[in-house]
Amino acid sequence: MLDKVMMERKEVRKDYDERLAHLEIRMGELQRQCRSMGIPIVIVFEGFSASGKGTMIGRMIRPLDPRGFQVFTMEKETKEDKRHPYLWRYATKMPAKGRIHIFDHSWYQGFPDILQADEICRCEKQFTDDGVVLIKFFLAITKKEQKKRLNHLAGSEDTSWRVKEKDWKNNENYDKCFSQFDTMLVQTDTANEPWTIVEAMDKKFAVDKILTTIVNRLEQAVEKNQKKGNPETDSKSEDTDAYLQNSVLKGVDLTLSLTPEEYKKKKKDLQKRMEKLHNQMYLQRVPVVLAFEGWDAGGKGGAIKRITQCMDARGYEVVPIASPNDIEKAHHYLWRFWNHFPKDGHMAIFDRTWYGRVLVERVEGFATEEEWKRAYQEINDMEAHLVKSGTIVLKFWMHIDKDEQEKRFKQRMETPEKQWKITDEDWRNRDKWDDYEKAVDEMMLRTSTTEAPWHIIEANSKLYARIKVLEIVVEALEKRLE
């Protein structure tokens with residue numbers, strides 16, 4: 001791509017100032033329209049060293065309302081960033097609906113050593129599928145121009161700090177950088193997430209091209225938003241029945257149990273091992289994610305309690321997931337989970353998870369069929385990235401039958417200190433048991449991967465379930481730490 005770029009292009013139009021004034025006015029209008037329509041916007045700047053990314057960002061934001069955008073300088077990883085999965089620092093900075101987030105350097109810094117092209121494309125597709133307008137700029141200059149600009153910056157006391165040793169090395173190895181950038185651009189230029197290469201030798205020309213591109217892309221987004229009707233909320237899938245022929249839940253043996261004596265002995269041994277493993281996990285900087293899903297009253301809380309009883313509370317977080325609040329609804333549905341994923345050496349335990357998108361949101365019609373169908377791949381990609389980054393991911397489905405659930409519901413209603421656990425919604429959900437069972441079966445088959453398989457816990461016996469969960473966690477930690 002880069003070898004076809006005419007980098008020496010210059011702005012020659014006589015009406016440049018008038019044209020620029022028009023573009024600036026239009027950008028301000030479009031920002032307001034996108035905000036009112038709830039359209040999130042991400043603008044990415046990449047390019048050669050000294051190609052003028054900072055200057056272009058400063059020029060671009062001039063006509064915008066500063067209350068509606070934020071600029072992130074992402075070139076250097078912090079200590080906190082390094083203790084999380086690579087994409088964490090970008091995923092947690094995705095904009096809410098109606099806001100503009102601008103990245104000076106982006107996830108492309110990880111190409112290809114940390115992120116491959118296909119991973120980047122899948123990541124960006126998640127954003128755009130959810131309605132984000134993603135605009136990507138690559139600023140290109142010649143080797144000679146780059147050296148000239150570096151010398152100019154280095155020669156001034158006010159700007160010399162901006163020139164790093166790596167900038168000089170990049171100039172020395174310009175041809176190699178050129179080739180690497182070209183490969184990156186070719187492999188990640190897609191129909192929905194295209195690159196705009198900006199000939200940045202002439203600043204006026206670069207400003208014109210950047211503003212024109214932004215205006216065009218935002219006008220397209222506004223027009224698309226105006227044309228679309230109300231989304232269908234029918235949660236029925238035409239191909240779901242195919243999954244029922246291979247039902248996962250139908251074959252679970254719920255008669256498995258333990259005697260109180262067996263339970264007490266096994267729990268003591270497992271919790272003792274868990275206590276030591278938690279310390280080793282911290283020392284070896286191994287992050288762990290435990291994800292609990294299951295039927296209402298399936299025993300998630302009891303299992304979580306037996307895991308945490310023997311651990312230092314400073315090294316784990318239990319994250320109870322309820323209906324998303326207004327801030328969470330304004331972001332991609334995975335955003336709130338990225339914000340709770342643990343740093344190295346820590347554990348995050350989720351009581352309900354991102355699988356709500358393909359369970360309750362699917363069954364209750366809170367997500368469109370298009371949204372929950374594409375969520376399977378989005379979730380698999382996210383979990384694969386966590387595992388690739390060194391995180392242990394363990395997923396549990398706490399399984400009970402309908403009769404056992406009814407028994408536990410009634411026990412909760414009759415026990416004053418447990419009445420808070422039961423709501424009218426719990427009873428209402430029982431009426432949709434078959435719909436949820438279909439959703440769980442499809443979820444298991446589509447998202448039980450080599451990197452992050454599902455563990456079905458036979459939970460009619462609370463004692464048996466708690467021990468099985470502890471055994472799986474302990475064995476996984478021992479295997480990794482050995």
Side-chain angles (χ1 to χ4, degrees), residues 235-236 240 244 247-260 262-264 267 290-309 318-325 349-367 372 394-444 454-470 472-473:
S235 63
K236 293 183 179 180
T240 297
L244 301 185
S247 175
V248 176
L249 298 182
K250 295 294 186 185
V252 178
D253 183 2
L254 291 174
T255 65
L256 297 172
S257 62
L258 288 176
T259 66
E262 290 173 321
Y263 169 75
K264 185 176 180 180
K267 187 183 81 163
L290 305 184
F292 283 86
E293 288 286 357
W295 298 106
D296 292 332
K300 296 181 293 295
I304 291 170
K305 185 175 181 180
R306 271 65 188 182
I307 294 171
T308 59
Q309 278 177 337
V318 177
V319 186
I321 298 299
S323 300
N325 59 38
I349 305 171
F350 290 86
D351 181 356
R352 300 241 183 246
T353 70
W354 41 97
Y355 284 97
R357 172 62 56 131
V358 296
L359 293 176
V360 65
E361 292 185 39
R362 165 185 172 171
V363 174
E364 303 297 338
F366 299 144
W372 64 255
L394 298 175
K395 304 183 301 193
F396 300 98
W397 175 262
M398 309 299 289
H399 190 50
I400 57 176
D401 61 35
K402 201 171 183 180
D403 292 338
E404 178 65 22
Q405 186 188 62
E406 183 178 19
K407 174 184 172 183
R408 295 184 185 183
F409 278 8
K410 289 180 178 179
Q411 287 176 343
R412 288 180 176 183
M413 292 182 71
E414 294 166 0
T415 307
E417 63 270 22
K418 291 187 178 181
Q419 288 176 355
W420 63 272
K421 290 186 175 183
I422 188 78
T423 66
D424 291 340
E425 186 176 352
D426 294 326
W427 286 106
R428 185 184 62 81
N429 287 344
R430 279 177 57 79
D431 295 334
K432 297 185 178 181
W433 181 281
D434 291 343
D435 292 333
Y436 274 102
E437 193 171 54
K438 292 176 185 178
V440 173
D441 271 323
E442 189 166 2
M443 174 192 77
M444 293 278 184
W454 275 103
H455 299 278
I456 300 177
I457 307 300
E458 302 87 344
N460 266 17
S461 166
K462 292 182 179 180
L463 302 185
Y464 179 86
R466 292 165 183 173
I467 292 302
K468 184 171 181 179
V469 170
L470 269 169
I472 292 170
V473 175

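These numbers come from the heavy atoms of this one structure, side chains and all, not from hydrogens, waters or symmetry mates.
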Can you tell me how far the [atom1] atom of [X] sits from the [atom2] atom of [Y], to the nearest 0.5 Å?
| X | Y | atom1 | atom2 | result |
| --- | --- | --- | --- | --- |
| Leu463 | Lys264 | CG | NZ | 12.5 Å |
| Ser323 | Glu364 | OG | CD | 10.0 Å |
| Asp424 | Asn429 | CG | CG | 11.0 Å |
| Gln405 | Arg430 | CD | CZ | 5.0 Å |
| Ile349 | Leu290 | CD1 | CG | 5.0 Å |
| Asn460 | Met398 | CG | CE | 11.0 Å |

Check: [Y] and [X] side chains under 4.5 Å, non-hydrogen atoms:
| X | Y | result |
| --- | --- | --- |
| Asp296 | Tyr436 | no |
| Ile307 | Ile304 | no |
| Glu442 | Val358 | no |
| Ile456 | Glu458 | no |
| Val248 | Trp454 | no |
| Tyr464 | Tyr263 | no |

### Query
Side chains of Glu361 and Tyr355: do they bring a donor and an acceptor to under 3.5 Å?
no
### Query
Above 12 or not: heavy atoms from other molecules or residues under 6.0 Å from CG of Asp253?
yes
### Task
Look at atom NZ of Lys402 and say whether more than 12 heavy atoms of other residues, nucleotides or ligands are closer to it than 6.0 Å.
yes
What heavy-atom pair brings [X] and [Y] nearest, and what distance separates the two atoms?
| X | Y | answer |
| --- | --- | --- |
| Phe292 | Ala303 | CE2-CB, 4.0 Å |
| Ala297 | Ile400 | O-CD1, 3.7 Å |
| Leu359 | Val440 | CD2-CG2, 3.7 Å |

### Message
Salt bridge check, Glu404 against Arg408: does any charged N sit closer than 4.0 Å to a carboxylate O?
### Response
yes
### Message
What I want to find out is whether Lys305 reaches Asp351 closely enough, with some N-O distance under 4.0 Å, to be called a salt bridge.
### Response
no
### Query
Parallel under 30°, tilted from 30 to 60°, perpendicular over 60°: which one fits the rings of Trp433 and Trp295?
parallel
### Task
Quick one: sort the Trp397 and His399 rings into parallel, tilted or perpendicular, breaks at 30° and 60°.
tilted
### Task
Test salt bridge (charged side-chain N to carboxylate O under 4.0 Å, His left out) on Glu406 and Lys410 and set out the steps.
CA-CA 6 Å; Glu406 183 178 19; Lys410 289 180 178 179; 3.6 Å; yes
### Message
Would Asp401 and Lys407 count as a salt bridge (charged side-chain N to carboxylate O under 4.0 Å, His left out) here? Give the steps.
### Response
CA-CA 10 Å; Asp401 61 35; Lys407 174 184 172 183; over 6 Å; no
